[in-house]
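Encoded as structure tokens, the structure appears first; notes follow it.
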Amino acid sequence: VTLSLALLVTAVDRASVNAALESTGRGPGNLSVPCSSTGSAPATHYAAHTWDDDLAARCAASDFPALLFRAADAEASDNFLALLSAHGLNTVDEDG
Amino acid sequence: MPTRRRLDPASLFVNGVGGALYDISDAASIFQDSAGTIPAAVNSPVGRVLDRSGNGNHALQATSAARPILRQAGAIRYLEFDGIDDFLRALFAVAEPMTRVSAIRQISWTDSDRIFGAGATVSNGELIQRTATPRMALTTASSSATSTNTEAPIGVDIVVTEQFAAAGQQLAVNNGTPSAGSAGAIAPGGVTIGANRFGSNAGNIRLYASCMVNRALSAAEQNLLRPYIGGKAGL
């Protein structure tokens, strides 16, 4: 594994994309981090970060059309924030 | 020449004492998948860490994107949690008194992010980044009921000793004097390594080893356990 892979999907497409990823053996609920333009609820998008070169290749091949992504040889947090910034988003705090 | 006593951490769990022992240096206890069928590999995600306490409280992550990654620096192996969505979880009964000794590194600091969150039910019995960088604290009745607020350096490997007891909490970094906090019952229902019980407030940390014992360890036991756990980080 060499690339940091940041993922983003709209709230509307979240369930279908998570189901599609689960069908590839990646488990449930991969897109789990709520995001919005203000950083407050309700979430308009959901994001994730992973190290998965196979998934990066499949994203590049548009296997998951609704999934926005950014693959980079970078620190996880830098790559993740770059993807969110490109779409004007912030994470929504869900302190428990 | 006197012989320094050595500790077998499994001995802390005799007579049915609950808890968990996670040792990332033990290659045979780490797997890429949560089912434990694919041995872990450096620079690949980890979905299962076996509990070496004998209690069977293995730490799991079934979701691919939420798995920490196994890293290696020299001979030292550790799990790196990305601070975004990574965590491992084990669900089991925990009550005070509870003592946890861990070798970790805070890679970065964000208020309310967890190093160790609760497993389920309520947010207590946690080690949390709190108040102001680079401080950490323990939680009792809720995530906001923190005390024993202690400085812990960022970007440096440390050994953290947490003790939750009826008489009060104690939190120590390395061999420093423990800071004392108010008493408060805990029932975290296990442990979530690197996030809270909802899988959010993910901490950006390294984990080398953690020994979580469901009893109050004596000062002598802690003094033996700290170097054992710290040794997993080369300390």
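A, B, ... follow the sequence lines: proteins, then strands. Residue 1 opens every chain. Owing to the predicted nature of the structure, the values given are computational and were not obtained by experimental measurement.
- In this structure, the portion of B/Glu80 lying under 4.5 Å from any heavy atom of chain A is its side chain and not its backbone.
- When B/Ile84, B/Asp85, B/Thr63 are each tested for a side chain to side chain contact (heavy atoms under 4.5 Å, CB included) with A/Ser32, only one passes: B/Asp85.
- Remark: A/Arg26 CZ to B/Arg67 CZ distance equals 10.0 Å, nearest 0.5 Å.
- Note that the OG atom of B/Ser64 and the CD atom of A/Glu22 stand 11.5 Å from one another [nearest 0.5 Å].
- For B/Gln72, the CD atom is densely surrounded, since the number of other residues' heavy atoms within 6.0 Å is greater than 12.
- Of the residues considered (A/Ala76, A/Pro28, A/Ala6), A/Pro28 shows the highest number of contacts with chain B, using heavy-atom pairs under 4.5 Å.
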Apply side chain to side chain contact (heavy atoms under 4.5 Å, CB included) to residues A/Ser77 and B/Asp82 and explain how you reach the verdict.
CA-CA 7 Å; A/Ser77 57; B/Asp82 63 14; over 6 Å; no
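- Among the residues in residues 36-61 of chain A, those with a non-hydrogen atom closer than 4.5 angstrom to a non-hydrogen atom of chain B are A/Ala48, A/His49, A/Thr50, A/Trp51, A/Asp52.
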